[in-house]
Amino acid sequence: MRFNTRAVHAGQAPDPTTGAIMTPIYQTSTYVQEAPGKHKGYDYSRTANPTRTALEANLAALEDARFGVAFSSGCAAANTVMNLLQQGDHVVAGNDLYGGTYRLFTKVYARYGIEFTFVDSTRPEALEQAFRPNTRLLWLETPSNPLLRVTDIAAAARLARARGARVVVDNTFATPYLQTPLALGADFVVHSTTKYLGGHSDVVGGAILLNDEETAQRLHFFQNAVGGVPGPQDCWLVLRGTKTLGVRMERHCANAARIAGWLAEHPRVAHVNYPGLASHPGHEIVKRQMRAGGGMISLEVKGTLEQSVRFVCATKLFALAESLGGVESLLEHPASMTHASIPREERMKAGLSDGLIRLSVGIEDVDDLIADLEGGFRAAFGG
Ligand SMILES: *Cc1c(COP(=O)(O)O)cnc(C)c1O
């Protein structure tokens with residue numbers, strides 16, 4: 001079955017007891033047993049819940065994976081991949097990871113004797129040099145946040161495999177509609193389903209998708225042992241979201257491509273980062289590994305920090321908020337919001353200038369979005 005058919009149907013047979021076409025929200029903590037240990041596959045909802053089972057099957061189908069494991073957040077999903085490691089193991093990771101993932105690595109797992117090397121994963125030589133004999137995992141995010149840098153997943157996976165390390169791709173920004181990392185050689189896909197998969201900014205969730213059965217069993221063990229499971233209502237919301245993932249992504253991508261092209265010509269814009277632009281340094285890789293450029297854009301305005309702040313406060317449709325991937329457009333200013341804790345000098349070195357603004361382009365009418373951004377430029381610069 002093709003993508004949109006899987007999105008609507010995978011994991012979701014009509015309810016056997018009533019025929020309900022939508023998977024019920026099994027709002028129950030426990031299940032009645034016929035005799036001790038004799039039950040219908042469910043005994044306690046931390047261990048398993050039918051709404052979650054449906055979601056796990058649906059997400060696995062979208063990533064062309066054999067197994068899915070769902071969590072209460074993207075961070076809980078990332079944490080559970082890390083549960084597979086032990087003291088003395090080494091992880092190579094991209095140097096512009098999602099902040100919460102970086103925090104999990106440096107503030108939680110580093111304390112348990114796991115070592116990390118952060119590199120520019122878009123540079124194969126840098127990646128290669130980062131591996132050590134005890135490297136167990138390569139952790140990639142592509143496109144990255146907020147600079148939308150692109151890493152060649154297939155090339156990075158070949159490198160890692162040759163050195164005995166497994167590869168994780170956080171596919172939150174691209175979604176399986178645009179990019180399927182397992183098919184490119186990755187071992188794990190991690191998602192924050194909070195973003196495009198849920199798609200409506202009304203739920204927090206996460207997932208791991210993979211093909212190796214023994215590892216899937218270990219992840220289910222940690223899911224149950226650590227307990228970061230999503231409730232049935234949240235599973236149901238993500239299931240409702242994934243049905244429209246393909247049509248939403250088409251619109252996110254079309255809108256973002258129009259806006260990126262418009263911004264690239266704008267006299268107040270110094271630079272636009274968008275994987276769908278031919279001028280993007282990773283565009284050749286994008287053409288190979290992504291269906292389209294995605295819904296995220298970052299731009300550098302020609303102005304001061306104060307002018308950028310005026311810009312993000314002035315737009316009406318683009319709401320000033322962290323997070324991304326919902327049907328409504330959002331924008332944020334990394335220097336004063338998501339990346340404010342990084343000292344200015346370090347921030348500049350990492351390419352996160354005072355004028356950098358990140359857009360999560362929604363599915364509204366694109367001409368209204370462009371007019372809204374023009375209003376932001378007028379508020380910031382006059383005229
Ligand atoms: C949001 C996000 C996460 C963390 O997910 P939560 O659901 O917020 O815990 C991880 N990776 C990326 C790329 C994200 O955007």
Side-chain angles (χ1 to χ4, degrees), residues 52 55 59 63 68-83 91 93-109 118 121-122 137-151 153 167-179 181 186 188-209 223 226-231 233-235 237-238 241-242 245 249 252 256 273 275 290 294-298 321-326 329-332 334 337-339 352 358-362:
R52 193 167 92 215
L55 175 63
L59 296 177
E63 287 285 359
V69 195
F71 295 92
S72 55
S73 70
C75 286
N79 175 67
T80 306
V81 173
M82 294 303 291
N83 285 165
V91 178
N95 64 1
D96 52 354
L97 292 186
Y98 176 72
T101 306
Y102 181 77
R103 180 176 57 201
L104 179 72
F105 291 175
T106 56
K107 298 278 198 279
V108 180
Y109 282 93
F118 298 96
S121 59
T122 67
L137 220 53
L138 168 63
W139 195 291
L140 301 174
E141 244 180 76
T142 177
S144 71
N145 175 21
L147 294 172
L148 301 159
R149 293 189 178 127
V150 168
T151 296
I153 297 173
V167 181
V168 185
V169 176
D170 181 330
N171 206 26
T172 301
F173 269 38
T175 84
Y177 184 68
L178 301 181
Q179 164 178 293
F188 304 91
V189 166
V190 167
H191 274 288
S192 168
T193 57
T194 313
K195 316 294 168 53
Y196 287 105
L197 299 190
H200 297 74
S201 307
D202 53 11
V203 64
V204 172
I208 307 170
L209 300 314
Q223 181 193 37
V226 179
V229 294
Q233 168 104 26
D234 287 355
C235 291
L237 282 167
V238 177
T242 58
L245 180 63
M249 289 314 292
H252 282 296
N273 304 305
M290 293 177 76
M296 300 298 297
I297 300 174
S298 59
E322 294 178 13
S323 198
L324 59 112
S329 293
L330 303 178
L331 89 179
E332 70 115 357
M337 293 169 70
T338 45
H339 297 71
L352 307 171
R358 188 188 77 179
L359 308 179
S360 172
V361 178

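Keep in mind it's a predicted model, so treat the numbers as computed, not measured. Numbering of ligands and ligand atoms starts at 1, following listing order.
- Taking distance alone, with nitrogen or oxygen atoms compared against 3.5 Å, C75 approaches ligand 1 more closely than that limit.
- Considering backbone and side-chain atoms alike, G74 places an N or O below 3.5 Å from some N or O of ligand 1.
- Between R149 and N273, the side chains place no donor N or O within less than 3.5 Å of an acceptor N or O (distance only, hydrogens not considered).
- A heavy-atom separation below 4.0 Å is found between D170 and ligand 1.
- For G325, the closest heavy-atom approach to ligand 1 does not fall below 4.0 Å.
- A donor-acceptor contact closer than 3.5 angstrom is absent between the side chains of Y102 and N95.
- For atom 4 (C) of ligand 1, the nearest non-hydrogen atom of the protein is Y98 CE2, 3.3 Å.
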*Apply the test side chain to side chain contact (heavy atoms under 4.5 Å, CB included) to residues V190 and N171: give CA-CA distance (whole Å), side-chain angles for both, the deciding distance (0.1 Å), then the verdict.*
CA-CA 6 Å; V190 167; N171 206 26; over 6 Å; no

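- A side-chain donor from one of T338 and E332 sits under 3.5 Å from a side-chain acceptor of the other.
- Below 4.0 Å from some heavy atom of E141 lie the following atoms of ligand 1, by number and element: 13 (C).
- Atoms of ligand 1 found under 4.0 Å from any heavy atom of G205 (numbered from 1 in listed order, with element): 7 (O).
- Distances below 4.0 Å separate heavy atoms of S192 from the following atoms of ligand 1: 1 (C), 2 (C), 3 (C), 4 (C), 5 (O), 6 (P), 7 (O).
- Side-chain contact between L137 and M82: present, with at least one pair of heavy atoms (C-beta onward) separated by less than 4.5 Å.
- Considering backbone and side-chain atoms together, K195 places an N or O closer than 3.5 Å to an N or O of ligand 1.
- Taking the six-membered ring for Trp, Y196 and H252 have ring centres closer than 6.0 Å.
- With no hydrogens or angles considered, a side-chain donor-acceptor pair links S121 and T151 at under 3.5 Å.
- Looking at T194 next to ligand 1, an N or O pair under 3.5 Å apart turns up.
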